[in-house]
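Written out below as structure tokens is the structure these notes cover.
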Amino acid sequence: MSEINAQAEQLRIGVFVCDCGLNIAGTLDMDQLVEFSEKQPDVVYVKENRYTCADPGQNEIKKAIADYNLNRVVVAACSPKMHEPTFRKCVEEAGMNPFLFEQANIREMCSWCHSNQKEDATEKAKDIISISLAKARLLQPLTRFKVPVTNKAMVIGGGIAGINAALDMANMGYKVYLVDNDESIGGHMAQLDKTFPTLDCSICIEGPKMVEVARNPNIELITFADILSVDGFIGNFKVKIRKNPRYVIQKNCTGCGECADVCPVEYPNKWEMSLGTRKAISVPFVQAVPLIFTIDKEHCIECYKCVDVCGGRKAIDLEQKPEEIEIEVGTITVATGFDIYEPYDDPKWGYGKYQNVVTALEVERLVNAAGPTGGRVVRASDGKKPKTVVFIQCIGSRDVNKYEYCTGFCCMYACKDAILIKEHEPDTEVFILYMDMRTPFKGFEEFYRRARELGVTFVRGKPSKILEDEENNLIIRTDDTILGEPIEIKANMVILSTAGVPKAGTDNLSRILHVTRGTDGFYLESHPKLKPLDAPVDGIFYAGACQGLKDIPYSVSQGSGTAGRAATILSKKQVEIEPIVAVVDPVKCLHSKANCGVCMKVCPYGAPSAPEHEPMVINPAKCHGCGTCVADCPADAITQMHFTDEQIFAQIRSALAEKPEEKIMGFLCNWCCYSGADLAGTSRFQYPTPIRVVRVMCSGRVDKDFVLEALRLGAGAVFVGACHLPNDCHYISGNVWMKERMDALQKKLTEEGMSPERLSISYVSAAEGLIFANMMKKMDQRMKDMGIAKIQEENAKLKPYIEKVLGRKGLLPGTGAKK
Amino acid sequence: MKRYKAESDEKLEIGEVFYTKRFVLTIDRTRCKGCAICKLVCPREAVSVKPAKKGPDGKTLAPVIDIDENKCDFHGICAAACPFSAITITADSQEGMPAVSKDVFPTLIRDLEIDSEKCEPGCKKCEEKCPLDAISVRFEPLTPEEQNERKSRGLSAGTEKTVIELKRDRCAGCQVCWIECPTDAVRVTKFYEGSIRIDRKLCPEGCHSCLDVCPVNALSLGEDQKIQINDMQCIYCGACLNVCPNPEALKLERTSVHHTPVESGAWNKGLEKLTSTQGLDRELAAVRTGKAREAIKSLKSTR
């Protein structure tokens with residue numbers, strides 16, 4: 001069916017008012033809403049449905065479109081975050097462009113949160129419907145862009161998660177580039193001795209996977225390399241990589257190791273947690289993949305003995321330079337893992353001071369048969385086996401002064417190391433000092449029991465002090481909260497179960513990829529429940545501990561999961577891009593006249609670009625549709641599709657048409673504040689009715705002119721709701737630019753005579769429904785306290801300034817051209 | 001892994017301690033003369049020299065050497081190059097320099113031989129004059145058989161024989177023992193060869209810091225109260241250079257080094273730092289010539 005051309009024809013709007021069972025009909029007067037809608041200009045059909053989203057309801061819409069030649073559809077029902085995609089698809093199937101549909105939220109934002117204010121709620125619902133109609137009248141048909149897809153993938157990070165992601169994608173038939181900045185893949189799993197809860201030998205199970213990666217014809221392994229830059233968008237990423245010099249020629253090196261035998265210089269081996277040494281030319285560990293030697297130029301004295309012994313193989317090149325390459329891929333999976341906290345900065349544990357205080361990862365290397373002591377857990381001070389070993393849990397984790405989160409695997413690894421020590425030396429006395437034992441997953445509780453049955457003593461308490469005696473033994477003072485008494489333990493060795501932390505370099509990589517991290521420093525996923533593997537940037541995925549600390553099976557699952565996610569893109573020849581993008585009017589753009597560049601400054605995606613003195617062009621595939629550039633453009637030269645200034649002005653005018661002094665004009669950002677307000681309704685938190693909401697994709701879209709227009713029309717107050725600073729903005733920095741803009745505006749308006757609290761710039765997350773409800777209560781109270789007269793008086797004072805500003809831009813109705 | 005530094009008047013000790021390996025470097029402060037050759041050859045620039053101080057009697061004290069324990073790799077190139085064998089490296093309680101045991105750096109050839117049979121009876125001049133305690137002389141009674149044996153060889157009779165103990169690692173080749181020996185019993189060669197000159201015009205009046213610190217008394221005050229050099233005794237260690245207030249006044253350079261055979265890029269760099277680029281070129285040319293000679297010899301012998 002051909003799409004109905006909306007432009008040339010006269011508006012014929014259909015309004016579908018939904019009962020939603022009793023959710024809406026139980027509070028609002030549906031007859032009034034139907035009657036009201038019928039009276040609105042351009043509305044030719046109104047229907048009340050019990051459940052509009054169900055099949056019968058959808059069929060009603062499709063039938064009405066056909067029968068009544070509708071060219072706009074408004075559904076007054078639940079939140080668009082619930083069913084906008086449903087209804088868009090529905091009208092599309094009926095032959096209408098899906099972007100000619102608008103949803104009026106009379107449930108989460110009306111019936112559910114005002115259920116004991118029936119009359120006011122019904123009046124508000126009428127306003128909500130007319131706001132939606134105001135926008136619907138100005139909607140234009142939009143087409144989704146199609147971009148070609150490069151069917152190759154990149155995985156950044158060769159730990160167990162990245163290895164699995166790469167193998168799965170390669171076995172699907174896609175070419176995969178696996179990039180790691182270390183000399184070898186394997187990550188932390190390669191450093192472990194055994195894994196919980198099965199006590200499998202770690203490198204025995206990971207080694208074959210590492211070799212499989214090296215042998216797989218679809219995987220190109222690029223190690224000892226850094227990511228320099230990532231350009232592009234979903235299906236079309238261009239990645240610049242710098243291969244750092246090993247001073248060894250990869251294809252000539254056979255990994256024989258004769259060079260390391262003759263090398264005279266030894267230095268601490270970081271892979272062995274500096275417990276052992278490596279030569280200036282060496283591999284970090286024997287099972288390294290790829291098995292290529294590397295020279296550390298810091299320690300190499302250039303004696304050339306390695307070159308001599310390598311002889312005819314000619315694998316060593318001391319003049320090797322870094323090599324930069326560029327790779328094109330369709331998707332990027334980030335699997336960069338984590339680091340371990342080394343508590344040098346916390347003096348009470350004595351780490352770095354007392355020789356026999358070590359971290360659990362150091363113990364893994366000690367107990368490992370291939371480690372520096374050949375599998376003997378011994379004290380650093382005298383090389384003797386400890387008779388009493390104490391584990392201390394939660395070092396750095398669950399600590400508001402350090403890392404607030406729970407690392408999640410330390411309880412298990414402490415049990416594991418305790419079991420291993422007990423099995424090696426059954427006479428050793430082992431204590432685990434814990435806050436809580438968290439062993440929830442498959443086989444974990446049984447593993448904890450196993451440790452207890454082996455005779456490990458669990459003491460619930462966190463030590464306050466560790467002292468050392470003359471024999472390097474450690475005296476630990478702690479509260480045994482179950483006994484209810486303080487106790488003192490003399491240990492020969494203390495093992496600290498320290499926190500996992502975001503890997504070093506995460507901040508740099510997140511900048512390169514234009515992705516955000518949460519407040520805990522780990523990468524922020526698109527949705528914590530429903531999209532844990534997706535980055536907010538399309539085409540980028542997260543696997544493993546880089547997205548949040550997790551153990552090996554969970555990391556493996558995520559690795560495979562991202563392979564599936566990536567395949568949804570890689571399997572297609574093209575992907576569709578949402579058309580809610582910004583477009584520049586080349587005539588108005590100031591870049592041609594004055595090299596303006598404001599949009600470039602505020603865009604975190606690098607979407608606007610242009611050569612000097614030419615009008616800016618926004619790459620629609622890079623544009624994410626936040627609208628920040630639209631609001632900040634000094635020449636008002638940019639339009640955002642589906643959220644034009646014209647549409648928003650119409651919504652404001654409709655909202656404040658009657659009794660404006662009693663209303664709050666609200667601009668809520670789609671991802672945080674609007675969702676938070678929805679949550680207030682879903683949770684049935686009740687609050688007063690004044691707010692009239694205009695939904696924008698990002699608070700960055702909220703133009704100063706919107707606030708001025710609202711005040712010009714006599715609004716009681718204005719509310720701008722955004723994502724929390726600094727890290728929550730779905731578009732990375734939209735809220736930052738909004739704050740700058742609005743703070744300046746608030747200051748100016750206060751100077752002109754406005755009470756500052758009448759412009760509320762607030763930050764509400766999608767989880768903060770109660771906070772939103774309370775904000776509404778407070779604002780309503782303030783407005784009542786001020787009284788209509790005072791509000792009108794202030795608005796009158798502001799009028800000259802507002803009319804000057806808006807008039808200059810031609811935005812006053814009846815004057816100048818509207819955009 | 002732990003790194004430590006322990007200082008005392010007698011020694012500086014730095015160490016790197018792993019679970020199963022322990023590297024220790026010790027500078028014996030009684031032997032170290034502050035020449036700072038170690039600083040010159042260290043590939044990691046781990047050595048620094050603390051500024052020279054004056055002692056209680058007004059004499060300039062030898063500069064004090066400090067090593068950064070975080071930079072030292074304990075391969076012992078400094079120990080191999082030290083003229084006074086002041087630096088010792090131990091790995092797991094075994095003394096030895098990894099750079100030397102791995103053939104990456106040579107040792108200095110301390111060629112000192114004293115034929116005690118040629119000694120004058122009762123003479124201890126070498127021990128008395130040696131500035132570095134490298135020689136100790138004692139006298140033991142001759143057994144009748146030894147007396148007869150000597151007579152049959154035509155040597156002078158006597159009741160005692162001289163027994164000489166040499167601590168060659170302390171010998172820096174100043175040759176004072178050879179100069180002072182009344183007979184020709186001593187043979188000693190310098191391992192550092194070079195030249196030393198003082199520009200009298202630039203040498204400050206009344207300053208004798210170089211003299212104060214010279215470990216082998218190769219500098220002395222002449223009658224004109226100006227510094228005089230005894231070229232034969234100078235070992236070209238450069239301790240004087242470290243305390244001379246005017247960098248242009250004292251010109252000291254090393255031109256070659258007597259060392260055990262070695263083929264190593266690290267030694268080439270070390271030689272260049274110790275002497276000069278020409279010094280390095282000269283040695284490499286000599287090595288090349290030597291190799292060519294051997295090649296021709298072997299060709300000749302196959303004919």
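Below, read A as the first sequence line, B as the second, and so on, with proteins coming before strands; counting in each chain starts at 1. These figures come from a predicted structure and were not determined experimentally.
Contact annotation: the side chain of A/Thr359 approaches that of A/Pro343 to within less than 4.5 Å [non-hydrogen atoms, C-beta and beyond].
For A/Asn472 (side chain) and A/Gln355 (main-chain N/O), no donor-acceptor pair under 3.5 Å exists by modelled atom type.
With respect to the salt-bridge test (charged N to carboxylate O, under 4.0 angstrom), the residues B/Asp169 and B/Arg31 qualify. Salt bridge status for B/Glu193 with B/Lys190: absent, with no side-chain N to carboxylate O gap under 4.0 Å. The pair B/Lys21-A/Glu266 meets the salt-bridge criterion, since a charged nitrogen lies less than 4.0 angstrom from a carboxylate oxygen. Taking a cutoff of 4.0 Å between a charged side-chain nitrogen and a carboxylate oxygen, A/Glu425 and A/Lys385 qualify as a salt bridge. Residues B/Arg168 and B/Asp111 are not paired through a salt bridge, judged by the lack of any N-O separation under 4.0 Å between the basic side chain and the carboxylate.
Only the backbone of A/Val262 comes within contact range of chain B, judged by heavy atoms closer than 4.5 Å. Contacts between B/Phe74 and chain A at a heavy-atom distance below 4.5 Å are absent for every atom of the residue. Residue A/Cys300: no heavy atom, backbone or side chain, is found under 4.5 Å from chain B. For a residue to count as touching a neighbouring chain, one of its non-hydrogen atoms must lie under 4.5 Å from one of that chain's; by this rule B/Arg3 touches chain A with the side chain only.
With ring centers used as reference points, A/Phe338 lies under 6.0 Å from A/His188.
The contact list for residues 269-285 of chain A toward chain B, using heavy atoms and a distance under 4.5 Å, reads A/Ser274, A/Leu275, A/Gly276, A/Thr277, A/Lys279 by residue number. Within residues 261-288 of chain B, the residues approaching chain A closer than 4.5 Å by heavy atoms are, in numerical order, B/Glu263, B/Ser264, B/Gly265, B/Ala266, B/Lys269.
Side chains of A/Tyr413 and A/Glu364: a donor-acceptor N/O pair is absent below 3.5 angstrom, by distance only. Side-chain contact annotation: B/Asp28 with B/Thr30, donor-acceptor N/O pair under 3.5 Å present.
Using cut-offs of 30° and 60° for the angle between ring planes, the A/Tyr351 and A/Tyr344 rings count as tilted.
A cation-pi arrangement, defined by a distance under 6.0 Å to the six-membered ring centre and an angle within 45 degrees of its axis, is present between B/Arg254 and B/Tyr192.
Taking B/Ile77, B/Asp73, B/Val100 one by one and counting their heavy-atom pairs under 4.5 Å with chain A, the maximum is reached by B/Asp73.
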